[in-house]
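One structure is given below, encoded as structure tokens.
Along the sequence shown, residues carry numbers from 1. As the structure lists them, so they are numbered: ligands from 1, and atoms in each ligand from 1.
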Amino acid sequence: MTDTSAHARARSEGADLSDRDRAILAAVDAGFDRALDDLKALVRIPSVSWDAYDPAHVQASAEAVAALAEGTGVFERVSIERAPIGDSDALGQPAVLAVRPARGGKSSVLLYAHHDVQPWGDESLWRTPPFEPTEIDGRLYGRGASDDKAGVITHIAAVRALAEVMDPEVGIALFIEGEEEHGSRSFQRFLELHADVLRADLIVVADSDNWSTETPSLTVALRGNVACNVRLTTLEHASHSGMFGGAVPDAIMAFSKLAASFWDEQGAVAVAGLTEADLDVPEQTEEHVRAEAGVLEGVELIGSGPVLARLWAKPSITITGVDAPSVPDASNTILPTVRFRLSARIAPGQSASEAFAALQAHIAEHTPFGAHVEYDGVDLGDPFLVDASGWGATAAKQAMADAWGAAPVEAGIGGSIPFIADLVRQFPAAQILVTGVEDPGTMAHSPNESQHLGVLRKAIAAEALLLSRASERAE
Ligand SMILES: [Zn+2]
């Protein structure tokens with residue numbers, strides 16, 4: 001199905017909807033106020049998963065989510081689980097696992113979201129208290145109101161609407177993580193430990209964005225990341241810049257020349273071996289990006305080609321920190337060593353380890369004066385590209401078109417969701433769909449985060465339709 005026909009379908013006001021589809025949409029509407037109340041109750045729990053915050057709140061939020069899962073009456077088993085972090089004995093934050101096995105040889109769907117939230121930051125920047133859910137002009141304000149407690153509620157409310165209309169044969173596993181905002185530290189072990197019940201034909205990750213409040217997105221491309229610290233050293237010790245400057249190379253000079261080699265004149269990445277993806281991107285104006293990013297008047301954007309291709313399909317390199325003396329500490333010395341944090345985003349289609357090797361080769365070749373190079377703090381995350389032609393993506397796009405009355409945009413994200421790579425590794429046969437409840441006004445992670453309630457309703461409807469249609473599909 002092409003996007004144009006989806007638009008036509010949308011404009012025909014759901015003429016192709018079956019009686020069951022209509023019953024599901026009616027059940028979603030009828031259950032929406034309850035879903036909103038449930039969302040508000042979750043937002044009241046300050047479930048920040050970071051170490052410095054009270055873990056009792058994350059536990060309370062896991063218990064609240066488990067109660068919601070129980071309350072659907074759909075799951076055979078609901079439990080709160082904690083998996084070890086890597087090979088250590090330490091346990092990650094509590095996650096909720098709810099399972100309903102497939103019947104009659106039908107397919108299985110894994111529904112993912114997370115119930116932990118980002119810290120609220122400076123409370124004076126919030127117009128409403130961060131943990132007092134507040135409705136203003138069709139949006140619900142509060143930390144986690146969107147990211148990702150609205151994702152949790154989307155799954156719960158979609159399952160409820162489904163069960164009201166039919167006795168679904170589709171297998172449903174619900175996995176609501178408790179530490180996505182804290183690096184998903186126990187995610188991989190969690191998948192391993194519960195692989196039997198989590199294994200699914202289709203995985204729905206409800207933790208992403210929509211194109212607008214009127215147009216849904218299916219996120220089909222995520223850039224990966226390569227981050228590392230690089231130390232350049234030229235001398236055994238600092239030396240007087242008057243005595244030796246002009247003959248003895250300092251580390252800052254080596255760093256500046258190396259850093260300049262990362263980009264071409266237009267600011268595009270100039271590292272051989274970092275690839276680009278061939279993605280069809282929607283139109284977006286440079287003005288839109290400038291406004292969203294707060295680019296100052298007279299400052300030019302970098303790179304070339306369609307602006308969304310630069311953000312979704314091409315690599316980028318950012319230096320996010322430099323360890324060097326601060327200006328108040330500056331003395332007349334030639335610096336022996338400097339360390340910087342290099343943060344690269346890599347295009348879908350290239351593995352993070354291959355990209356890291358290309359960066360290391362570039363640095364080896366472009367470090368001037370024979371400066372010594374050392375690495376530490378390496379962090380690699382693979383990019384992700386959805387096969388948008390699989391039955392899952394096709395069914396999801398149709399369900400979105402039917403629920404929203406607008407065809408979805410196949411979107412990319414410049415950022416990374418590293419745990420997607422864990423899902424791909426653990427369940428290579430599954431189709432992974434990245435959906436979401438956010439919109440450009442959401443301000444996830446920022447003060448005044450909010451959820452657009454129309455988007456929430458449509459996201460629930462789309463997921464309920466998708467589940468009902470998956471319930472017809474044999475494995
Ligand atoms: Zn999130």
Side-chain angles (χ1 to χ4, degrees), residues 38-39 42-43 45-51 53 57-58 61-62 64-65 68 92-96 110-121 130-131 133 139-158 174-188 190-191 203-211 216-225 345 381 383-384 386 411-423 432-452 455-456 459-460 462-463:
D38 292 336
L39 174 57
L42 290 184
V43 172
I45 307 171
S47 51
V48 179
S49 52
W50 295 18
D51 287 337
Y53 294 78
H57 297 307
V58 186
S61 132
V65 172
L68 290 174
Q93 296 274 20
V96 176
L110 167 59
L111 304 176
Y112 167 91
H114 62 88
H115 68 88
D116 66 314
V117 299
Q118 284 277 323
W120 55 96
F131 298 104
R139 304 191 72 101
L140 183 72
Y141 285 81
R143 171 57 84 231
S146 185
D147 182 14
D148 186 26
K149 287 173 171 169
V152 175
I153 291 300
T154 298
H155 295 326
I156 295 287
L174 183 70
F175 168 25
I176 308 295
E177 191 191 359
E179 55 181 5
E180 196 276 341
E181 305 292 7
H182 193 21
S184 297
R185 301 168 305 164
S186 60
F187 190 95
Q188 199 177 341
F190 192 96
L191 293 189
I203 301 176
V204 179
V205 174
D207 192 18
S208 188
D209 205 0
N210 288 288
W211 183 253
S217 296
L218 185 64
T219 301
V220 297
L222 294 162
R223 286 198 292 191
N225 69 290
R345 301 291 173 170
F384 174 65
V386 172
I413 294 193
S416 315
I417 307 183
F419 71 72
I420 301 262
D422 292 339
L423 284 170
I432 301 179
L433 302 178
V434 181
T435 64
V437 287
E438 294 178 23
D439 73 272
T442 293
M443 312 267 288
H445 296 202
S446 300
N448 306 306
E449 171 181 352
S450 67
Q451 174 62 43
H452 187 279
V455 168
L456 177 60
I460 296 168
E463 188 166 304

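- Y112 and F419 have tilted rings, their planes meeting at an angle from 30° to 60° on a 0 to 90° scale.
- Scored by the side-chain contact (heavy atoms from CB on, under 4.5 Å) test, P119 finds V48, W50, Y53 as partners (sequence neighbours excluded).
- Remark: D209 engages E438 in a side-chain contact (heavy atoms from CB on, under 4.5 Å) (not counting sequence neighbours).
- Not a single N, O or S atom of E180, from either the backbone or the side chain, sits less than 2.8 Å from the Zn ion (ligand 1).
- Restricting D147 to its N/O/S atoms, the shortest distance to the Zn ion (ligand 1) is reached by OD1.
- Looking only at its N/O/S atoms, D207 has OD1 as the one nearest to the Zn ion (ligand 1).
- A salt bridge links D51 to R185: one of the charged nitrogens lies within less than 4.0 Å of a carboxylate oxygen.
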